[in-house]
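We count ligands from 1, going down the list as the structure has it; atoms in each ligand are counted the same way.
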Amino acid sequence: IYTSPVPSVPLVSTSVFTHLFASPSGDPNTIGGYPGSAKAFIDAETGTTLTRAQTKNLALSLGYGLRNHPNTGARRGDVVLVYSPNSLSWPILLFGAVAAGLRCTLANSAYNVKELTFQYTDSGARLVLTSEEGLPTVLEVFKQLGVSKAEAEKRIIVLGAGLQWAGGLAAPDKPETAGFLHLHDLLTLGALEQEEKFEGKDADETVYICYSSGTTGKPKGVETTHRNITSVLQIVKTTFPELNMGVDSVLGILPFYHIYGAVKLVHFPWTRGAPVVIQARFDPEKFCASIERYKITMALIVPPVLVVLARHPAVDKYDVSSLASLFSGAAPLGAALVKQVTERLERRRKGKGSVAILQGYGLTETSPTSHLLPVGDAMRKVGSIGILLPNLEARLLVDGDGNGDIEAKEGEAGELWLRGPTIMKGYLNNPTATKESITPDGWFKTGDIAIRDSEGFYYIVDRRKELIKYKGFQVPPAELESLLLTHPDIADAAVIGVESAKEATELPRAYVVHANPEKVKTEAAKITFQQSVRKWTQEQVARHKYLRGGVVVIDSIPKSPAGKILRRELRERAKTELAG
Ligand code: 4UV
């Protein structure tokens, strides 16, 4: 059993809200040790700013509104679903819901009606907080579930885009959102005197429910507790003083509905007093423009962003010299790419030294961070996810036996297992899946294959689980496979990920068996069919699940005697096909 080279840090048992907003000095203008007037969140487009005190007060107001508005009347433990791209509303709605003692489930803002319906019903959500652009999809979800218009109006809260109400103004009445509650309506009723408390063992109650497919199957609700979040915040804050965010400003482009964005952008910078500049999605031009405008010193990214930074002309067009560190995670990062971007940005730094390109690793199930690369090791250990964080234990189990009782030797690859206070409570309403992923003595099986070097640095070298990652987003093959099986001309299907070095990501690729092989005898017929399957899929899934890696007609799907898809065989086959 491996432990961290860093000594364990003391942990607290409180709600996430109490942890973030505590004022040890007793001065109401000081929040978490930082002045309440300090900037906390900034909208990149408009420059609208929330101070720390405003964020806290608005959250307590929203908490009051959620509990006391006659339409909502939420109670401790109720689930609210958030369906919105990044915006200034996010910190208020997350902290407000937490102050009211609610649980939040975060949905991908690109989800279509079917995908959103699944998460809404599976999570048992009572209320939906949606962006204006998401409203038609939410209404369609309710319609298909047979919820009346009058009832839907009670369950929906529309988030305005520009946060006009931060300045005391009501959101403008738009015909398309008229009749629905707006965030503003819930902010003007009063304010909670204090937040809902989660002390002691109550800290093990769930606060966030993000979705992950885990090692196999369809997406499952991950029950992240107050203790999980307060632990990860305290561990990272205490262990990495060199991530000196007190003087940093952070660019927030990662989606807040993914655990990586939610924790590392909405929660973590707060604990360091660092302002976060919020941008709805990654765009090379806007990314560089924001670095110049807000003198950004740190940005959290996924590997495909580095591909853009290595080549895009916007990097030369704007003054990006303030950028001191880039933090990559959620998918494998190649050393060559790191070197390329480091060199390019070093030239743009005008003698201010090089940019540290760091890596972190984690999973939705580990709240999420378990490994980080210290700044001082950025160049020495390129490609490493870093060291194990304190308060966590790790094991590496040799792949293959399924019992997981053969430990890997030093330098040998094995499946990474983790144990500690940041491991999720379990999968929501799914004790079977929870049991399969967490052993009785608390070890969580990541499904990733890792190597640990003699100095305690870890490298992710492969993935044992079937999960595909497109630009950091989860693409569960089981979901695409069961969709493909509903196609009238498809008899069997398997989906795997193939590497795109050009885009630094995996791409989902489908192998399909035609129900009537006679119809795809010729090359031309095959191509037409493959294209039609690709198009058909696009009409039914969110963008990140498109079959960008192609569709291939095959005689039969390779399977084990037990009927399990032999994905490794398909991956080998794809390598040959794509090399040819
Ligand atoms: O559940 P999930 O979608 O969660 C994430 C979380 C990512 C991070 C990354 C860095 C952080 O500092 C942090 O706090 C959170 O992506 O997907 C989990 C799977 O993504 C792959 C791996 O297969 C996980 O099981 N993955 C995540 N980070 C890395 C990675 C990485 N650095 N290198 C390779 N694979």
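The aromatic rings of His544 and Phe473 sit tilted relative to each other, their planes meeting at an angle between 30° and 60°. By the 30° and 60° cut-offs, the orientation of the rings of His371 relative to Tyr458 is perpendicular.
Which parts of ligand 1 touch Pro332 is read off a 4.0 Å heavy-atom cut-off, strictly below it: atoms 33 (N), 34 (C), 35 (N). Near Ile385, meaning under 4.0 Å from one of its heavy atoms, ligand 1 places the atoms 32 (N). Interface atoms of ligand 1 facing Gln359, defined by a heavy-atom separation under 4.0 Å, are 31 (C), 32 (N), 33 (N). Set against the non-hydrogen atoms of Gln474, the atoms of ligand 1 under 4.0 Å away are 1 (O), 2 (P), 3 (O), 17 (O). Listed by number with element, the atoms of ligand 1 under 4.0 angstrom from any heavy atom of Arg463 are 23 (O).
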Kindly determine whether Thr215 and Glu436 satisfy side-chain hydrogen bond (donor to acceptor under 3.5 Å, both in side chains), including the steps that lead there.
CA-CA 9 Å; Thr215 49; Glu436 277 164 13; over 6 Å; no
Let me see the working for Ser482 and Lys218 under side-chain hydrogen bond (donor to acceptor under 3.5 Å, both in side chains), right down to the final yes or no.
CA-CA 10 Å; Ser482 59; Lys218 300 204 178 153; 3.2 Å; yes
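By heavy-atom distance, the residue among Lys469, His371, Arg464 lying nearest atom 16 (O) of ligand 1 is Lys469.
For the residue pair Asn228/Thr225, the side-chain donor-acceptor check at 3.5 Å is satisfied. No side-chain N or O of Ser437 forms a donor-acceptor pair with one of Glu365 less than 3.5 Å apart.
Looking only at protein heavy atoms, the nearest one to atom 9 (C) of ligand 1 is Ala330 N, 3.4 Å. What sits closest to atom 6 (C) of ligand 1 on the protein, heavy atoms only, is Gly362 O, 3.2 Å. Looking only at heavy atoms of the protein, atom 14 (O) of ligand 1 is closest to Thr369 OG1, 2.6 Å. Protein heavy atom nearest atom 1 (O) of ligand 1, with residue, atom name and distance: Thr364 OG1, 2.6 Å. The protein atom (non-hydrogen) at minimum distance from atom 12 (O) of ligand 1 is Lys264 NZ, 2.7 Å. Atom 3 (O) of ligand 1 has as its closest protein heavy atom His258 NE2, 2.7 Å. Scanning the protein for heavy atoms near atom 24 (C) of ligand 1, the closest one is Asp448 OD2, 3.1 Å.
With a 4.0 Å cut-off on non-hydrogen atoms, Ser328 does not touch ligand 1 at all. Contact annotation for Leu363 and ligand 1: heavy atoms of both the backbone and the side chain come within less than 4.0 Å of the ligand.
Checked against a 3.5 angstrom limit, the closest N/O atoms of Tyr260 and ligand 1 fall outside it. Residue contacts with ligand 1: Gly329 is placed with no nitrogen or oxygen under 3.5 Å of a nitrogen or oxygen of the ligand (distance criterion only).
Taking the charged nitrogens against the carboxylate oxygens, Glu455 and Lys381 do have a contact shorter than 4.0 Å, which makes a salt bridge. Salt-bridge formation is detected for the pair Glu393/Arg419: a Lys NZ or Arg NE/NH1/NH2 atom is positioned less than 4.0 Å from an Asp or Glu carboxylate oxygen.
Formation of a donor-acceptor pair under 3.5 Å by the Arg272 side chain with backbone atoms of Lys237 is found in this model. Formation of a donor-acceptor pair under 3.5 Å by the Asp248 side chain with backbone atoms of Thr297 is not found in this model.
In summary, of the residues considered (Phe21, Phe17, Tyr208, Phe41), a ring-ring contact (aromatic ring centres under 6.0 Å, His included) with His267 occurs for Tyr208 alone.
Heavy atoms of Gly447 come nearer than 4.0 angstrom to ligand 1 in no pair at all.
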